[in-house]
Amino acid sequence: QRSKSKRHTAGDLLLTHLKPAFHSSDDTTDLSLLKSSPLVGSSAGPSTVSPSTLQSVAEQEGHVEQFRLVNAVPSNKFTGVNLYIDEIGLLKRLPLNQRAMDLAQRCGY
């Protein structure tokens, strides 16, 4: 039995465990896909994020995001359903996960 002081109760630990699986060590990030993004500055307007900053972020540890499909509530006996997605999957030109998309659609998204 674990003591209360060693019990970790905050956050989703699966996010931390999945980061290495979402990390891309090769040079597959295509920042040209962000050219039309309002986040990337140009000579015509203000910027909030530079292309070099975006590249730096893309090269860091995996970018995994939790997308909650079903909240854990008493009516479903606290059974939640989450998808874990690559935040920069589009920039890596990853294929769409049809199974995950179908599941999200069946959950109303």
Side-chain angles (χ1 to χ4, degrees):
Q1 181 175 345
R2 288 198 239 171
S3 70
K4 286 185 180 182
S5 64
K6 292 189 178 191
R7 207 177 281 165
H8 189 291
T9 58
D12 184 348
L13 295 178
L14 191 52
L15 288 170
T16 302
H17 291 292
L18 287 173
K19 279 188 177 215
F22 282 75
H23 177 68
S24 177
S25 60
D26 56 10
D27 202 14
T28 58
T29 306
D30 185 355
L31 295 179
S32 70
L33 296 172
L34 288 175
K35 284 185 180 176
S36 62
S37 171
L39 294 176
V40 179
S42 68
S43 59
S47 71
T48 57
V49 180
S50 71
S52 62
T53 299
L54 289 171
Q55 183 65 45
S56 174
V57 168
E59 291 170 356
Q60 292 174 5
E61 190 175 347
H63 301 275
V64 59
E65 178 181 352
Q66 177 193 51
F67 184 81
R68 185 165 290 132
L69 294 175
V70 178
N71 285 318
V73 295
S75 63
N76 64 18
K77 299 182 183 175
F78 298 100
T79 302
V81 178
N82 301 313
L83 290 179
Y84 294 87
I85 60 175
D86 189 328
E87 291 177 327
I88 59 171
L90 176 67
L91 300 179
K92 294 178 186 176
R93 295 193 175 267
L94 295 176
L96 295 177
N97 182 330
Q98 191 62 48
R99 183 174 169 220
M101 290 174 40
D102 291 345
L103 179 59
Q105 189 172 31
R106 281 185 262 145
C107 290
Y109 292 95

Looking at [X] and [Y], what are the two nearest heavy atoms and their distance?
X	Y	result
Gln66	Asn82	NE2-ND2, 3.1 Å
Leu96	Met101	CB-SD, 3.7 Å
Gly80	Ala72	N-CB, 3.8 Å

Given side chains that start at C-beta, do those of [X] and [Y] come closer than 4.5 Å, heavy atoms only?
X	Y	value
Tyr84	Leu14	yes
Leu103	Leu69	yes
Asp86	Leu94	yes

Audit row: Val64, Ile85, side-chain contact (heavy atoms from CB on, under 4.5 Å) steps and yes/no: CA-CA 6 Å; Val64 59; Ile85 60 175; over 6 Å; no
Path from Val70 to Leu83 over hydrophobic side-chain contacts below 4.5 Å: yes
hydrophobic_cluster_shared for Tyr109 and Val81, side chain cutoff 4.5 Å: yes
Backbone of Asn71 reached by a side-chain donor or acceptor of Asn76 within 3.5 Å: yes
